[in-house]
K.L.:
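Supplied in structure tokens, the structure appears directly below.
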Amino acid sequence: MSVFNSPTLSGAEGKGSTSVVHNFNAGPSILPKVVFEEAAQAILNFNNTGLSILETGHRTPVFQEVMDEARVLVRELMNLDNDHEVLFLHGGASTQFMQVPMNLLDEKDTAAFADTGVWSTKAIKEAKLFGKVEVVCSSKESNFTYIPKDFAVPNDAKYLHITTNNTIYGTQWQSIPKTSNSLVADMSSDIFSRVLDFNSFDLIYAGAQKNMGPAGVNLIVINKNILGKVKRSIPTIMDYRNHIKEGSMLNTPPVFAVYVSMLTLRWLKAQGGVAAIEKLNNEKAALLYKALDENPLFTGTVNKEDRSKMNACFVMKDPALEQSFLQFTKEHGIVGIKGHRLVGGFRASLYNALPISSVEVLAQLMKEFAGQHA
Ligand SMILES: *Cc1c(COP(=O)(O)O)cnc(C)c1O
């Protein structure tokens, strides 16, 4: 049996007689099929070395090439200038909730935060351990169903932190707030999904497992000029400057996660880069939201203008039907659309690697289900 025929491997173009799976998981989530194939091969024989990548030293030239290529691909795809450094670090985005303020915020300093969901709230909690926090806007009172528009950031705030896409609630900043302050962004769930002026951010972080690779690695893009300004002593492993100096190889990096992320970035470049994938992402989101808005049984959970193109959240007007819709879609190969417990209903994640054909199937099933329950 070939592992590539397994129905648990995602992609609407699954081979052979196995049934097709449409993977709408929120994270870890779908990656390109060709990436799974290459990664599987590298586990058996990495670059014809006769060794698995899992038993290959991180200081070897073959792995150094992987790290170098991954970092160069990030620079290219994000169009970064020379002030911005690219790091791949351990710990998931949650580690950045702590590492960012540890490096940027002294005890007497203030950081400004936009509170737009669970992940922002967690980032706020950690920042308070290192300095003062001013929450400059929040949509908490409405269970985070919108992105706040009018708010002011104190001039002396060291930085403004935003979560560009709110994975759980399904909202997304359609435009990045203009501020004279340093801008820090958690882009875990929409990194590489749309063109932004990435150089206008002083620090971007993203856990890989939503849109860039497997769990186990973070991408950090950082303007090196903002570092070295705090008075506290920073533990070696937490100080970005040490990672920059060592080319993201201060200690053993998460070798396999970096490798699979590099393969995904290569794939993205071959698709035409971020602008090309953004066009597709726009089409996928438009298709799903149209199916949602036309359907009498369903309703979206957030402000239309703030809808996320990565995570579409919706509920049924009659919650008693939700279980049966879930079962109906499951029978047709749909995976991962159960909503987060804080929102309920459904969440369809439409990350870069999800083919539009999968969205077409889900849209069609919503329509059919409505036909059966009209
Ligand atoms: C998933 C997610 C996180 C948490 O990532 P971990 O890697 O599990 O720490 C943080 N922020 C956002 C926006 C996320 O989607």
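Given the structure is predicted, the values throughout are model-derived calculations rather than measurements. Atoms within each ligand, like the ligands themselves, are counted from 1 in listed order.
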K.L.:
List the steps and the verdict of side chain to side chain donor-acceptor pair (under 3.5 Å) for Asp115 and Thr121.
P.N.:
CA-CA 6 Å; Asp115 184 22; Thr121 307; 3.0 Å; yes
K.L.:
For atom 14 (C) of ligand 1, what's the nearest protein heavy atom and its distance?
P.N.:
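Result: Lys210 NZ, 2.9 Å.
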K.L.:
Is a salt bridge present between Arg241 and Asp239, judged by a nitrogen-to-oxygen distance below 4.0 Å?
P.N.:
yes
K.L.:
Should the proximity of Thr163 to ligand 1, defined as any heavy atom under 4.0 Å, be assigned to the side chain, the backbone, both, or neither?
P.N.:
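The part of Thr163 near ligand 1 is the side chain, not the backbone.
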K.L.:
Does only the side chain of Phe97 get under 4.0 Å from ligand 1, or the backbone, or both, or neither? Count heavy atoms.
P.N.:
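Contact part for Phe97 vs ligand 1: side chain (C-beta onward).
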K.L.:
Is a salt bridge present between Glu305 and Lys149, judged by a nitrogen-to-oxygen distance below 4.0 Å?
P.N.:
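Yes, Glu305 and Lys149 are salt-bridged.
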K.L.:
Check Lys158 with Asp202, please: is the shortest side-chain N to carboxylate O separation under 4.0 Å?
P.N.:
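Salt bridge flag = no for Lys158 with Asp202.
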K.L.:
Measuring from the heavy atoms of Lys122, does anything fall under 4.0 Å of ligand 1?
P.N.:
no
K.L.:
Quick one: are Phe144 and Asn166 in side-chain contact, heavy atoms under 4.5 Å?
P.N.:
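They are not in side-chain contact.
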K.L.:
Looking at atom 7 (O) of ligand 1, what's its closest protein heavy atom, distance included?
P.N.:
Gln209 NE2, 2.9 Å
K.L.:
Where does the angle between the aromatic ring planes of Phe328 and Phe369 fall among parallel (under 30°), tilted (30 to 60°) and perpendicular (over 60°)?
P.N.:
tilted
K.L.:
Considering only protein heavy atoms, which is closest to atom 9 (O) of ligand 1, and at what distance to one decimal place?
P.N.:
Ser94 OG, 2.6 Å
K.L.:
What residue and atom, counting heavy atoms only, is the protein's closest point to atom 11 (N) of ligand 1, and at what distance?
P.N.:
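Looking only at protein heavy atoms, the one closest to atom 11 (N) of ligand 1 is Asp186 OD2, 2.6 Å.
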K.L.:
If you have a sec, work out which protein heavy atom is nearest atom 4 (C) of ligand 1 and how many Å separate them, to one decimal?
P.N.:
Trp119 CZ3, 3.4 Å
K.L.:
If you have a sec, work out which protein heavy atom is nearest atom 5 (O) of ligand 1 and how many Å separate them, to one decimal?
P.N.:
Ala93 CB, 3.5 Å
K.L.:
Can you list the atoms of ligand 1 that are under 4.0 Å from a heavy atom of Gly92?
P.N.:
7 (O), 9 (O)
K.L.:
What class does the angle between the rings of Phe97 and Trp119 fall in, given that below 30° is parallel, 30 to 60° is tilted and above 60° is perpendicular?
P.N.:
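Plane angle between 30° and 60°, so tilted.
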